[in-house]
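Let me begin by presenting the structure, written as structure tokens, before commenting on it.
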2 protein chains.
Amino acid sequence: MKKYNIPVEAALEVIGGKWKVVILCHLIKEKRRTGELKRLMPGITQKMLTQQLRELEEDGVILREVYNQVPPRVEYSLTKYGWSLKGILDALCAWGEQHIEKTYPEKDSVLVKPIEIK
Amino acid sequence: MKKYNIPVEAALEVIGGKWKVVILCHLIKEKRRTGELKRLMPGITQKMLTQQLRELEEDGVILREVYNQVPPRVEYSLTKYGWSLKGILDALCAWGEQHIEKTYPEKDSVLVKPIEIK
DNA sequence: TAATGTAGGCACTAAAAAGTAACAATTGGA
DNA sequence: TCCAATTGTTACTTTTTAGTGCCTACATTA
């Protein structure tokens, strides 16, 4: 059994890493299919996306729904347990916003223009 | 200038990684000197600790105070800006606690017994 | 007939993060 | 004289994380 020195380490095990918080921030807004997520995160590769989604599913925070169609359609959404992360995700997003304003007061284009999704 | 796709990426740049949240969770409780932090985090190496502390200092969330003594005494604490992370840190700690309870209901010794610090 | 779109697997390589070990500096005390 | 205590640096190695390219499946559409 995994051991932690302090409880917060258990949270980091679930949502730590480069991508998971970003994925969750997108999914908390709306249910998304794989390709949409990939377009929302221009930096991620198919491999990493799949891998991170699998781990989040494993930890019970997201749901993977496969529709039996061709071409395939897979949708990801937060589970009820995933929604218990809402407070954390909201706080992180808000802090990120104000940190950008504080750090780049001239507010040039620090944020990449979001692309068309659907 | 660094570019972000969504603002939360800016937050992850400051508190992301394996150690920073843990360090901040300790410092939010009380001011600590280097050796205390090292004992509080049995898994961290001197190098990683120093490196992470430098980066946190660089980002303005912690303060490094050097006392001119021999042997040296260095104390770390949260800056005012660092305290703006309190909501996030509290939420993460709380989520971690309940996640442990949910995941290991038999509640054996998932938490390593904390060692003596001072 | 042949290309298109979607999700994802696999083998391999590259880059980033983290760990290891040895060394420095200073001064009080054995 | 030499060691202990505290914080930190540096060079090097290992581990983890991430990226690339190529392959599958199959109904629809051109």
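Just so it is clear: chains get the letters A, B, ... in the order the sequence lines come, proteins before strands, and each one is counted from 1. Side chains are part of it too, since the values below use all heavy atoms of this structure and drop only hydrogens, waters and symmetry mates.
Within residues 27-41 of chain B, no residue is approached by DNA chain C to less than 4.0 Å at the level of any non-hydrogen atom. Of the residues in residues 11-25 of chain B, none has a non-hydrogen atom less than 4.0 angstrom from any atom of DNA chain D. A heavy-atom distance below 4.0 Å to DNA chain D is reached by these residues of residues 42-50 of chain A, ordered by number: A:Gly43, A:Thr45, A:Lys47, A:Met48. Of the residues in residues 59-70 of chain B, B:Arg64 come within less than 4.0 Å of DNA chain D through at least one heavy atom, sorted by number.
Grouping the Ile, Leu, Val, Met, Phe, Trp and Tyr side chains by contacts below 4.5 angstrom, directly or via other members, places B:Trp83 with B:Leu56.
B:Pro7 and A:Leu111 get closest at one heavy-atom pair: N-CD2, 3.9 Å. Considering every non-hydrogen atom in both B:Gly96 and A:Ala10, the closest pair reads O-CB, 3.9 Å. Looking at every heavy atom in both residues, A:Leu89 comes nearest to A:Cys25 through CD2-SG, 4.2 Å. Nearest heavy-atom pair, A:Lys20 versus A:Gly16, reported as atom, atom and distance to 0.1 Å: CD-O, 3.6 Å.
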Exercise for review: Report the C-alpha distance between A:Val22 and A:Met41 in whole Å, list the side-chain angles of each, state the deciding distance to 0.1 Å, and finish with yes or no for side chain to side chain contact (heavy atoms under 4.5 Å, CB included).
Suggested key: CA-CA 8 Å; A:Val22 178; A:Met41 297 183 279; 3.7 Å; yes
Practice item. Carefully, step by step, assess A:Gln51 and A:Trp19 under the rule side chain to side chain contact (heavy atoms under 4.5 Å, CB included). Key: CA-CA 10 Å; A:Gln51 184 178 307; A:Trp19 299 111; over 6 Å; no
Exercise for review: Would you please test B:Arg32 and B:Leu27 for side chain to side chain contact (heavy atoms under 4.5 Å, CB included) and show each step?
Suggested key: CA-CA 7 Å; B:Arg32 290 291 191 186; B:Leu27 292 183; 3.8 Å; yes
Exercise for review: Evaluate side chain to side chain contact (heavy atoms under 4.5 Å, CB included) for A:Lys38 paired with A:Thr34, printing each intermediate quantity in order.
Suggested key: CA-CA 6 Å; A:Lys38 215 157 54 179; A:Thr34 314; 5.5 Å; no
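Comparing the end axes of the helix from C:dT1-D:dA30 to C:dA30-D:dT1, each fitted to five base pairs by superposing C1' atoms of four pairs onto the next four, gives an inter-axis angle of 30° (nearest 10 degrees).
Partners of A:Trp95 according to the ring pair (Phe, Tyr, Trp, His ring centres under 6.0 Å) rule, which considers only residues two or more places apart in sequence or in another chain, are A:His99, B:Tyr81. B:Lys18 is linked by a salt bridge (charged side-chain N to carboxylate O under 4.0 Å, His left out) to nothing, counting only residues two or more places apart in sequence or in another chain. In this structure, A:Lys102 has no salt bridge (charged side-chain N to carboxylate O under 4.0 Å, His left out) partners at least two apart in sequence or on a different chain. By the salt bridge (charged side-chain N to carboxylate O under 4.0 Å, His left out) test, A:Arg73 is found to be paired with A:Glu75, residues two or more places apart in sequence or in another chain being considered. Every residue meeting the side-chain contact (heavy atoms from CB on, under 4.5 Å) condition with A:Leu53, not counting sequence neighbours, appears here in chain and number order: A:Ile23, A:Leu37, A:Leu49, A:Ile62, A:Tyr76.
Between the side chain of B:Thr79 and the backbone N or O of B:Gly60, at least one donor-acceptor pair lies under 3.5 Å. A donor-acceptor pair is defined here as one N or O able to donate and one able to accept, closer than 3.5 Å; such a pair exists between the side chain of A:Glu9 and the backbone of A:Asn5. B:Glu36 places a side-chain N or O within 3.5 Å of a backbone atom of B:Arg33 that can act as its donor or acceptor partner.
Residue A:Gln69 places its CD atom among more than 12 non-hydrogen atoms of other residues, nucleotides or ligands, all under 6.0 Å distant.
Once rounded to the nearest 0.5 Å, the distance linking SG of A:Cys93 with CD1 of A:Ile88 reads 11.5 Å.
Protein chain A contacts DNA chain D from D:dA18 to D:dA27, reading 5' to 3' and using non-hydrogen atoms of the protein with a distance under 4.0 Å. Interface limits on DNA chain C: the 5'-most and 3'-most nucleotides within less than 4.0 Å of chain A heavy atoms are C:dG5 to C:dG9.
Under the 4.5 Å side-chain criterion, counting only non-hydrogen atoms from C-beta, A:Glu65 is not in contact with A:Val74.
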